[in-house]
Amino acid sequence: MSAVLIDGNALSRELRADVAMRAARLKARGVTPGLAVVLVGDNPASQVYVRNKVKACEDSGLHSVLEKYDADLSEAALLARVDALNNDPAIHGILVQLPLPAHIDAQKVIEAISPAKDVDGFHIASAGALMTGMPGFWPCTPYGCMKMLESIGYELKGKHAVVIGRSNIVGKPMALMLLQQNATVTICHSGTRDLGALTRQADVIVAAVGKRNVLTADMVKPGAVVIDVGMNRNDEGKLCGDVDFAGVREVAGWITPVPGGVGPMTITMLLVNTLEAAERGL
Ligand code: GUN
């Protein structure tokens with residue numbers, strides 16, 4: 001039996017239509033939700049990401065500003081730009097694209113963003129809010145994964161969720177979000193012994209490692225939900241995730257494809273966070 005696909009493009013269209021409607025409502029009250037995207041240097045992948053983010057804003061009726069700087073921008077100059085954006089009433093969300101050049105302390109820059117405008121959810125205040133169940137912005141990728149689970153009406157209470165990967169951006173916040181929905185959560189990482197023994201017990205598996213074929217069919221319990229956060233290239237240069245899609249789809253109950261799964265959801269949740277930042281400011 002083949003798994004049901006969780007279509008990130010279709011779900012994104014639905015959620016973005018709601019964002020556009022709410023943005024129009026805010027505009028009628030004189031507030032246009034605004035996102036500032038800051039890019040330092042010329043990392044080709046980052047250039048594509050920021051272009052997609054800015055375009056998504058335009059398509060949903062959000063105001064966006066793209067600030068591009070040369071790779072030799074000083075840390076002090078970047079901090080000054082963040083400060084100016086913190087105080088700009090037309091900007092409700094600030095995103096500084098990572099990675100930053102090596103001479104800039106990325107954490108220092110993230111901590112300089114006002115938590116009220118931290119639509120990436122990377123500030124320690126946002127991380128602390130997620131950890132304690134207080135209101136705050138959730139990181140977009142794991143937030144998008146939660147929306148995908150919600151879209152299939154999946155009840156997490158009492159289920160065993162295994163998260164593969166422990167990054168601050170995906171793995172750790174993902175585990176906290178699943179925990180908040182009363183799942184029993186296991187976090188696996190490069191030091192985990194016998195990954196398959198753990199994933200085979202899982203009702204939900206989130207793969208967020210950044211390496212192909214981390215999860216193969218023999219590691220999946222029949223009927224499990226498999227969410228693939230990976231974004232890799234195969235030998236032919238084609239985009240692929242962390243999951244052996246062809247094999248795992250024959251065992252899983254639900255699966256997200258790459259491309260067309262988590263990827264579009266990440267940008268969608270950025271729009272949602274920006275809209276909410278503007279709504280909170282009213
Ligand atoms: N680089 C890769 N993904 C992201 C993201 O979601 N936000 C930021 N700021 N940088 C990134």
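Worth saying up front: this structure is predicted, and the values here are computed from it rather than measured. In listed order, ligands and their atoms are each counted from 1. Positions are given from 1, in the same order as the sequence printed here.
Residues N234 and K238 bring no donor and acceptor atom of their side chains to less than 3.5 Å of each other.
Using a cutoff of 4.0 Å between basic side-chain nitrogens and carboxylate oxygens, R81 and D88 are not scored as salt-bridged. Under the 4.0 Å criterion applied to side-chain N and carboxylate O atoms, E150 and K147 are assigned as salt-bridge partners.
Atom 9 (N) of ligand 1 has its nearest heavy-atom neighbour, among I110, D120, I113, in D120.
Here L95 has side-chain heavy atoms under 4.0 Å from ligand 1, and that is the only part of it that gets that close. At a 4.0 Å heavy-atom cut-off, ligand 1 touches V96 through the backbone alone.
Summary of contacts: the protein heavy atom closest to atom 3 (N) of ligand 1 is Q97 NE2, 4.3 Å. Nearest to atom 1 (N) of ligand 1 among the protein's heavy atoms is L98 O, 2.9 Å.
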Per-pair distances, 0.1 Å, donor-acceptor, side chain in residues 200-211, under 3.5 Å, sequence neighbours excluded:
unit_1 : atom_1 : unit_2 : atom_2 : d
R200   : NH1    : D218   : O      : 2.9
Q201   : NE2    : A197   : O      : 3.4
D203   : OD1    : K221   : NZ     : 2.8
D203   : OD2    : H160   : N      : 2.8

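Using a 4.5 Å heavy-atom threshold, the side chains of V163 and C188 count as separate.
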